[in-house]
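See below for the structure under consideration.
Any value given below was found using the heavy atoms of this structure, including those in side chains, with hydrogens, waters and symmetry copies removed.
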Amino acid sequence: MKKLTFISVLACAILFLCISGYLGFQYYGLGNRFQKLEAKAAELQKNNSVLNEKLKQDAAHLEDKEGYIDGQKEYISELSEQIQALSNNAGSEGDLEGESWDSDSSYEEDDPYPNLYADKDNLPVQTGQKYVYLTFDDGPSPLTPKVLDLLDQYNAHATFFVVAKNNEEYAEYLSEIVERGHTLALHSYSHNYNLIYRSVDAFLSDYEQVYDWVYEETGYSPCLFRFPGGSSNGSSYVVRKIIKEMERRGFTHYDWNVSSGDGSNLTTSQNIIDNICSNVGNVDNPVVLMHDGSGKNATLAALPTVLKNLSEAGYEFRSLDKNSQPVQQRTANPSTP
């Protein structure tokens with residue numbers, strides 16, 4: 001009897017040990033599988049983070065591309081409008097061949113703007129073979145000193161066509177433009193197309209204000225100017241009379257043959273870089289239209305790359321002066337563009 005009891009107890013002990021061993025083995029296996037699953041989950045989480053980051057980068061890149069395309073569309077639209085304007089002017093100017101383009105005699109005999117005359121002897125003659133003229137419209141503004149600093153880094157000279165209205169608080173930058181060796185030129189007082197292109201007198205009245213503002217602030221007498229929107233704006237008959245009268249007063253107008261496209265709010269810095277750097281080499285006398293007015297941060301951001309690329313391409317950065325060949329969309333002579 002005792003022997004049977006012992007055997008039963010031993011069998012139970014052995015069974016218990018087997019069950020415990022089996023359960024222990026299963027627990028160990030589950031622990032290993034849990035660790036593997038945990039490691040797999042961590043890896044998946046890491047991969048998911050990398051994927052999310054890549055998706056964000058791709059989305060940002062796509063947004064930049066969309067902005068670039070929109071900017072190029074705006075730039076092409078701008079060029080198309082200029083071409084259309086020139087075509088319309090060419091078609092309407094045939095009837096003007098017989099018109100007299102002499103200035104009104106009243107301006108010579110009893111001039112209402114006696115001080116609006118340019119002194120063309122105050123600009124230096126510049127030399128160089130491969131050159132580009134960077135021009136900035138609509139300043140001065142808070143961006144102007146930053147533009148000047150960037151130009152200094154490349155020993156670059158430029159031309160600033162300034163507007164007085166709403167920019168009076170930045171008048172101190174006018175003298176800085178001159179002192180740093182750049183050309184200070186006129187763009188208008190108001191930049192109001194409807195006002196300044198009504199007549200020769202309306203134009204002179206506006207320009208006398210910006211001329212006086214520049215002279216009073218700097219003692220500098222500008223001799224160069226740029227029509228707001230270019231000389232292809234306004235009635236061809238009125239604009240040609242304006243050109244004739246301004247030339248009589250010693251002023252020369254300058255348009256452009258390379259546009260940065262930064263007149264559009266959709267323009268990106270890459271648009272500006274591409275528009276300038278890809279087109280400067282296509283013309284013999286490159287005059288580049290840019291803007292340093294308030295809000296033109298894309299232009300400021302693009303300028304270092306523009307300066308670097310053109311400098312490495314061997315260009316000398318000049319400012320316009322009395323010896324520069326004028327780039328003009330329209331002249332006083334109706335038989336020319």
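- For the pair Glu312 (side chain) and Leu310 (backbone), a donor-acceptor distance under 3.5 Å is absent.
- Salt bridge Arg249/Asp111: present, at least one basic N to carboxylate O contact under 4.0 Å.
- Of the possible polar contacts, one joining the Thr159 side chain to the Leu320 backbone as a donor-acceptor pair under 3.5 Å is found.
- Distance alone, capped at 3.5 Å, places no donor-acceptor pair between the His187 side chain and the Asp137 backbone.
- In this structure, Phe227 has its ring center under 6.0 Å from that of Phe225.
- Checked by atom type and distance alone, the side chain of Arg318 never pairs as donor or acceptor with a backbone atom of Tyr131 at under 3.5 Å.
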Problem - Derivation and outcome, side chain to side chain donor-acceptor pair (under 3.5 Å), residues Tyr220 and Ser175 - result: CA-CA 9 Å; Tyr220 178 81; Ser175 294; over 6 Å; no

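- Side-chain atoms of Ser221 and Tyr211 form a donor-acceptor pair, as typed in the model, at a separation below 3.5 Å.
- The backbone N or O of Asn333 sits less than 3.5 Å from a side-chain atom of Arg240, completing a donor-acceptor pair.
- Val327 pairs with exactly one of Val287, Leu289, Thr135 by the side-chain contact (heavy atoms from CB on, under 4.5 Å) rule, that one being Val287.
- Cation-pi contact between Lys130 and Tyr315: present, with separation from the ring centre below 6.0 Å and deviation from the ring axis of at most 45°.
- Cluster annotation: Val178 is connected to Phe160 through the hydrophobic network of ILVMFWY side chains, with a link wherever side-chain heavy atoms come within less than 4.5 Å.
- Asn271 contributes a side-chain N or O that, together with a main-chain N or O of Thr268, makes up a donor-acceptor pair within less than 3.5 Å.
- Other residues, nucleotides and ligands contribute over 12 non-hydrogen atoms within 6.0 Å of the CG atom of Asn282.
- Between Tyr197 and Tyr193, the two ring planes are perpendicular [angle over 60°; tilted spans 30° to 60°].
- Using modelled atom types, one side-chain atom of Asp292 and one backbone atom of Gly139 make a donor-acceptor pair closer than 3.5 Å.
- Between the side chains of Gln270 and Asp274, a donor-acceptor pair is found at a separation under 3.5 Å.
- In this structure, the side chain of Ser324 engages the main chain of Asp321 through a donor-acceptor pair within 3.5 Å.
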Exercise for the section: Mind running side chain to side chain donor-acceptor pair (under 3.5 Å) on Thr267 and Asp262 for me, showing each step along the way? Expected result: CA-CA 6 Å; Thr267 303; Asp262 66 351; over 6 Å; no

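- A donor-acceptor contact shorter than 3.5 Å is absent between the side chain of His291 and the backbone of Lys296.
- Nearest heavy-atom pair, Tyr207 versus Pro228, reported as atom, atom and distance to 0.1 Å: OH-CD, 3.8 Å.
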Problem - Ser260 and Asn275: CA distance, side-chain angles, deciding distance, side chain to side chain donor-acceptor pair (under 3.5 Å) verdict - result: CA-CA 5 Å; Ser260 68; Asn275 291 338; over 6 Å; no

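- For the pair Leu195 and Ala202, the tightest heavy-atom approach, listed with the atom from each and the gap, is O-CB, 3.4 Å.
- For Asn167 (side chain) and Asp138 (main-chain N/O), a donor-acceptor pair under 3.5 Å exists by modelled atom type.
- Residues Arg330 and Ile243 share a closest heavy-atom pair of O-CD1, 3.4 Å.
- Ion pair Lys244/Glu247 not flagged as a salt bridge, since none of the NZ, NE, NH1 or NH2 atoms sits closer than 4.0 Å to an Asp/Glu carboxylate oxygen.
- Residues Asp255 and Ser231 bring a donor and an acceptor atom of their side chains to less than 3.5 Å of each other.
- Look at Arg180 and Glu176 and you find a salt bridge, because one of the NZ, NE, NH1 or NH2 atoms lies within 4.0 Å of a carboxylate O, short of that distance.
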